[in-house]
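Working notes, structure below.
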Amino acid sequence: MSEQEQSLSELLALRRDKLTQLREIGVNPYPSKFDVDATSSKIIADETIIAEDPSQGKRVSVAGRVMTRRVMGKAAFFNLQDETGTIQIYIRRDDVGTENYNTVFKKLVDLGDIVGIKGFVFKTQTGEITIHAEHFELLSKGVRPIPIAKEVEEDGKKIVYDAFSDKELRYRMRYVDLIVNPEVRDVFRKRSKMVQEMRMFMIDSGYLEVETPILQPIYGGASARPFVTHHNTLDMKLYLRVANELYLKRLIVGGYNGVFEFSKDFRNEGMSRFHNPEFTQVELYVAYKDYNWMMDFVEMMLEHVALSLHGTTKVPVGDNFIDFKRPWPRIPMLEAIKNETGVDLNGLSLEEMMDAARSVGVHVDKTMGKGKIIDEIFGEHVEHKLIQPTFITDYPIEMSPLAKKHHSKEGLVERFEAICNGKEIANAFSELNDPIDQRQRFEEQVKLREKGDDEAMALDEDFLRALEYGMPPTAGLGIGIDRLAMIMTNQDSIRDVLFFPHMRPE
RNA sequence: GAAAGGGUAGCUCAGUCGGUAGAGCAGCGGCCUUUUAAGCCGUCGGUCGUGGGUUCGAGCCCCACCCCUUUCACCA
């Protein structure tokens with residue numbers, strides 16, 4: 001018996017004893033099925049369900065957890081929670097049988113147990129739609145007490161007492177969190193809908209949803225440290241993917257005009273409010289398009305998502321409303337920096353750029369190239385100020401080894417990030433499809449790696465071979481699903497949009 | 001990786017100056033056939049995160065460690 005169980009022993013022993021008692025009186029605490037034909041929310045929404053003489057009205061059959069209970073001798077009220085919400089049940093000894101009521105319901109059923117109810121719908125004296133039970137049946141006996149909260153409405157505001165609010169326990173036991181905190185169920189329902197809407201948007205655009213390897217012999221497509229694993233039979237090292245970019249581009253080479261994948265990616269880096277070791281990204285590649293086209297696409301898709309989830313393009317996030325209505329501003333990176341800091345980095349030498357960085361309080365060192373310096377200044381002075389959706393375009397080439405050189409601006413690539421609520425939510429570029437240029441960029445990454453940059457990309461010989469067969473001009477996109485879900489559901493931690501955020505072992 | 005805050009009953013939380021560990025809810029025993037944080041009477045429940053130390057005496061002070069949260073750093 002573990003320590004925790006020991007301290008629970010009294011409550012647990014009591015519950016187990018109730019199981020025995022149930023079996024002794026011939027009640028199966030875990031029956032196989034129950035025919036459900038109604039949900040709490042539909043019953044409450046249905047104006048016509050209450051007959052003039054309710055006892056002659058339509059019968060409903062519902063199932064769910066007993067959440068609160070008010071027993072008044074030979075009759076009782078309790079709240080039954082199903083997936084859709086909560087509905088009150090009125091149960092009387094004389095309707096469901098003396099033993100069923102006195103012994104099973106009153107003595108042996110606890111809060112949190114799952115029960116089935118059949119009966120008719122009526123309104124109580126205080127006007128609450130309630131099911132008058134004619135049949136009561138235990139469907140699953142819980143042997144652990146659930147942390148029941150109580151709530152009351154005052155002046156239209158809902159006040160919750162004793163809510164199950166300990167974040168550690170909520171994350172470790174998400175099943176309990178979902179039982180007792182209905183708003184948590186809503187967040188994840190919204191996240192699911194968000195993904196579905198994006199998926200349908202891309203499918204409706206004619207693109208193919210695909211799957212690519214998670215276990216990769218060479219990881220690539222992003223600057224990040226990987227998780228390493230081992231294949232026993234092949235006796236070889238494999239990496240968990242940090243991105244699926246290089247595989248999806250191989251498929252574009254193969255002749256598909258548009259492919260996308262919702263991809264669980266893994267990065268062996270720090271954890272925070274914005275970072276989980278595994279996270280979800282959707283990547284999309286579309287042939288014969290460039291990054292300008294992709295900006296249009298992102299705008300349209302995310303405007304559509306906001307409308308689908310909220311019925312409006314304005315999404316509440318913290319103290320702000322974020323408006324996804326297109327078009328969004330498109331600002332070249334150097335211009336955005338000039339707007340915020342007054343510093344014009346255009347055409348500066350490395351030395352001049354370092355001075356400029358210092359002049360706005362950005363720390364620089366000798367190892368930094370122009371691209372890194374620009375990136376630092378942007379991160380320090382611009383990014384967090386961009387609350388409304390904004391495209392920042394034309395990134396330094398050093399930071400973007402897989403992006404195509406800008407068609408007119410020296411040292412830049414055709415890349416954009418969509419920034420929203422001060423954070424990147426999308427990253428895209430005109431994909432580099434010149435195999436010679438790509439090889440050189442990889443070689444620069446290899447040099448960085450040799451200098452100790454363990455986030456630099458590895459040279460992927462097979463990917464280069466694919467490019468050598470010819471990849472059409474292609475626009476590529478990545479959207480962080482968890483980050484977007486945080487915005488769309490107004491949550492300020494990634495752990496609140498992941499069912500099972502990573503935790504150290506108990 | 002660093003700093004700050006936290007860990008006390010199943011849940012939410014008090015705990016003063018170091019002096020026998022508390023409340024509400026849940027549970028348990030009663031009363032109560034339209035209640036709704038139902039009510040009323042009674043009652044059980046603790047390895048105070050873990051391990052050391054100081055002290056006559058530690059939830060409280062000291063040391064080490066574990067876990068969580070927040071912020072910072074890196075990134076998406």
Side-chain angles (χ1 to χ4, degrees), chain A residues 3-15 17-18 67-79 86 88-95 101 106-107 110-112 122-128 130 132 142-154 158-173 176 180 221-225 242-243 263 265-283 363 375 379 417-418 423-427 453-455 478-484 486 492-495 501 503-506:
Chain A
E3 280 177 39
Q4 196 178 2
E5 275 172 331
Q6 206 163 19
S7 69
L8 266 176
S9 61
E10 199 171 318
L11 288 163
L12 290 181
L14 192 67
R15 293 284 183 116
D17 190 50
K18 286 178 178 179
M67 295 305 279
T68 65
R69 193 151 61 155
R70 299 170 288 282
V71 178
M72 302 160 298
K74 298 174 188 68
F77 287 93
F78 66 92
N79 290 351
T86 299
Q88 180 168 259
I89 311 293
Y90 180 55
I91 181 170
R92 300 196 306 192
R93 184 194 69 185
D94 297 344
D95 296 319
Y101 180 80
K106 275 173 72 175
K107 280 197 156 69
D110 288 289
L111 296 185
F122 74 109
K123 250 186 199 174
T124 63
Q125 287 173 354
T126 53
E128 180 164 354
T130 300
H132 187 128
V143 295
R144 282 180 187 272
I146 67 166
I148 286 289
K150 295 211 167 188
E151 56 187 49
V152 61
E153 275 189 41
E154 251 170 47
K158 201 191 270 185
I159 302 170
V160 181
Y161 296 85
D162 300 340
F164 181 56
S165 57
D166 184 303
K167 285 195 171 181
E168 177 172 6
L169 293 179
R170 286 182 48 220
Y171 297 148
R172 288 196 192 279
M173 298 193 285
V176 177
V180 301
S223 300
R225 300 208 307 270
V242 297
S263 165
D265 293 342
F266 307 84
R267 297 189 186 172
N268 206 340
E269 290 167 353
M271 291 161 60
S272 78
R273 184 157 87 83
F274 295 101
H275 301 84
N276 196 63
E278 55 182 285
F279 67 102
T280 304
Q281 207 183 177
V282 63
E283 292 196 32
H363 177 80
D375 196 57
E417 289 189 359
K423 284 274 168 186
E424 172 194 339
I425 56 168
N427 177 23
D453 181 352
D454 53 5
E455 289 187 351
I479 294 179
I481 294 297
D482 313 285
R483 295 274 178 88
L484 186 61
M486 286 169 66
D492 56 16
S493 171
I494 196 169
R495 297 179 196 97
M503 304 284 278
R504 285 195 172 83
E506 287 180 67

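The sequence lines fix the lettering, A, B, ..., with proteins before strands; numbering per chain opens at 1. What you see below is based on every heavy atom in this structure, not just the backbone, and it leaves out hydrogens, waters and symmetry mates.
- Considering only heavy atoms from C-beta on, A:L111 comes within 4.5 Å of A:I148 through its side chain.
- One atom, CG of A:N79, and another, P of B:rA37, lie 10 Å apart when rounded to the nearest Å.
- The pair A:K150-A:D162 does not count as a salt bridge, with every side-chain nitrogen at least 4.0 angstrom from each carboxylate oxygen.
- B:rU55 sits 9 Å from B:rG18 when the C1' atoms are compared, rounded to a whole Å.
- Backbone-only engagement by A:R504 is indicated by non-hydrogen atom pairs under 4.0 Å involving sugar-phosphate atoms exclusively.
- Here the nucleotide nearest the side chain of A:T124, chosen from B:rU35, B:rU33, B:rC67, is B:rU35.
- Within the shown strands, B:rG49 is the pairing partner of B:rC65 under the Watson-Crick or G-U definition, both distances less than 3.5 Å.
- Under the stacking definition used here (centres under 5.5 Å, planes under 30°), the residue A:F274 fails to qualify as stacked on the base of B:rA76.
- Among the protein residues, A:N276 comes within range of the nucleic acid bases, having at least one heavy atom under 4.0 Å from a base atom.
- Put simply, the side chain of A:D166 gets close to the backbone of A:L169: a donor and an acceptor are under 3.5 Å apart.
- Spacing of P atoms, B:rC61 relative to B:rG6, comes out at 10 Å, to the nearest Å.
- Put simply, CE on A:M67 is 18 Å from C1' on B:rA38, counting in whole angstrom units.
- Counting to the nearest Å, the C1' atom of B:rA38 and the CD1 atom of A:I89 are 17 Å from each other.
- Cation-pi geometry between A:K423 and A:F274 is met: the NZ or CZ atom falls under 6.0 Å from the ring centre, inside 45° of the normal.
- Look at B:rA9: it lacks any Watson-Crick or wobble partner with both distances under 3.5 angstrom.
- Between A:R70 and B:rA38 there is a side-chain N or O to OP1 or OP2 distance below 4.0 Å.
- Using modelled atom types, one side-chain atom of A:E269 and one backbone atom of A:R225 make a donor-acceptor pair closer than 3.5 Å.
- A 3.5 Å limit on both hydrogen-bonding distances identifies no Watson-Crick or G-U partner for B:rG18.
- Using a 4.0 Å heavy-atom criterion, one finds that A:D166 contacts the sugar-phosphate atoms exclusively.
- The listed nucleotides are B:rG45, B:rC11, B:rC68; the one nearest the side chain of A:P147 is B:rC11.
- Using a 4.0 Å cut-off between charged nitrogen and carboxylate oxygen, A:K74 and A:D94 do not count as a salt-bridge pair.
- Heavy atoms of A:A163 sit under 4.0 angstrom from primed sugar atoms or phosphate atoms, though from no base atom.
- At the heavy-atom level, A:E424 lies under 4.0 Å from the strands shown only through sugar-phosphate atoms.
- Contact annotation for A:Y90: base contact, defined as any heavy-atom pair under 4.0 Å involving a base atom.
- Computed from coordinates, the A:F78 CZ to B:rU34 P distance equals 16 Å when rounded to whole Å.
- Evaluation of atom-type donor-acceptor distances gives no pair under 3.5 Å for the side chain of A:S165 against the base of B:rU12.
- Rounded to whole Å, atom P of B:rG46 lies 13 Å from atom CG of A:L12.
- A distance of about 11 Å separates the C1' atoms of B:rG15 and B:rA23, rounded to the whole Å.
- A:Q88 contributes a side-chain N or O that forms a donor-acceptor pair with the base of B:rU35 under 3.5 Å.
- Take the nearest nucleotide of RNA chain B for A:N427 and for A:T130: the residue whose nucleotide is more 5' is A:T130.
- On the C1' atoms, B:rA26 is 7 Å away from B:rG10, given to the nearest whole Å.
- Look at B:rU70: its Watson-Crick or wobble partner, with both distances under 3.5 angstrom, is B:rA3.
- Spacing between B:rC63 and B:rU43 at atom C1', rounded to whole Å, works out to 42 Å.
- Pairing for B:rU43 goes to B:rG27, judged as Watson-Crick or G-U wobble with the two contacts each under 3.5 Å.
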Q: Evaluate side-chain hydrogen bond (donor to acceptor under 3.5 Å, both in side chains) for A:N79 paired with A:R70, printing each intermediate quantity in order.
A: CA-CA 9 Å; A:N79 290 351; A:R70 299 170 288 282; 3.3 Å; yes

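- Atom CZ of A:F77 is separated from atom C1' of B:rG39 by 14 Å (rounded to the nearest Å).
- In this structure, the CG atom of A:L169 is 13 Å from the P atom of B:rG7, given to the nearest Å.
- One finds the CZ atom of A:F78 at 9.5 Å from the OG1 atom of A:T68 (value rounded to the nearest 0.5 Å).
- Among the protein residues, A:R495 comes within range of the sugar-phosphate backbone only, with heavy atoms under 4.0 Å from sugar or phosphate atoms but none that close to a base.
- Using C1' as the reference atom, B:rU71 and B:rU12 are 26 Å apart when rounded to the nearest Å.
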Q.
How would you summarise protein contacts on nucleotides 22-32 of chain B per nucleotide, using B for base, S for sugar-phosphate only and - for none, with heavy-atom distances below 4.0 Å?
A. --BSSSS---B

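- A:R495 is not listed as a side-chain neighbour of A:K167, based on a closest heavy-atom distance of 4.5 Å or more.
- Counting any heavy atom pair closer than 4.0 Å across all strands shown, A:Y171 reaches sugar-phosphate atoms only and no base atom.
- Side-chain atoms of A:Y101 come within 3.5 Å of backbone atoms of A:A75 as a donor-acceptor pair (strictly under, hydrogens ignored).
- Spacing of C1' atoms, B:rC40 relative to B:rC56, comes out at 46 Å, to the nearest Å.
- With C1' as the reference atom, B:rU35 and B:rU50 are 46 Å apart, rounded to whole Å.
- Atom P of nucleotide B:rU47 and atom CD of A:E10 are separated by 11 Å, given to the nearest angstrom.
- Evaluation of the ring pair (Phe, Tyr, Trp, His ring centres under 6.0 Å) rule for A:F164 yields no partner, not counting sequence neighbours.
- Contacts of A:R273 with the nucleic acid, taken as non-hydrogen atoms under 4.0 Å apart, involve only primed sugar atoms and P, OP1 or OP2.
- Each of A:H132 and A:Q281 was assigned the nucleotide of RNA chain B with the nearest heavy atom; the assignment lying further toward the 5' end belongs to A:H132.
- Here the side chain of A:K167 is nearest to one of B:rU34, B:rU33, B:rU69, namely B:rU69.
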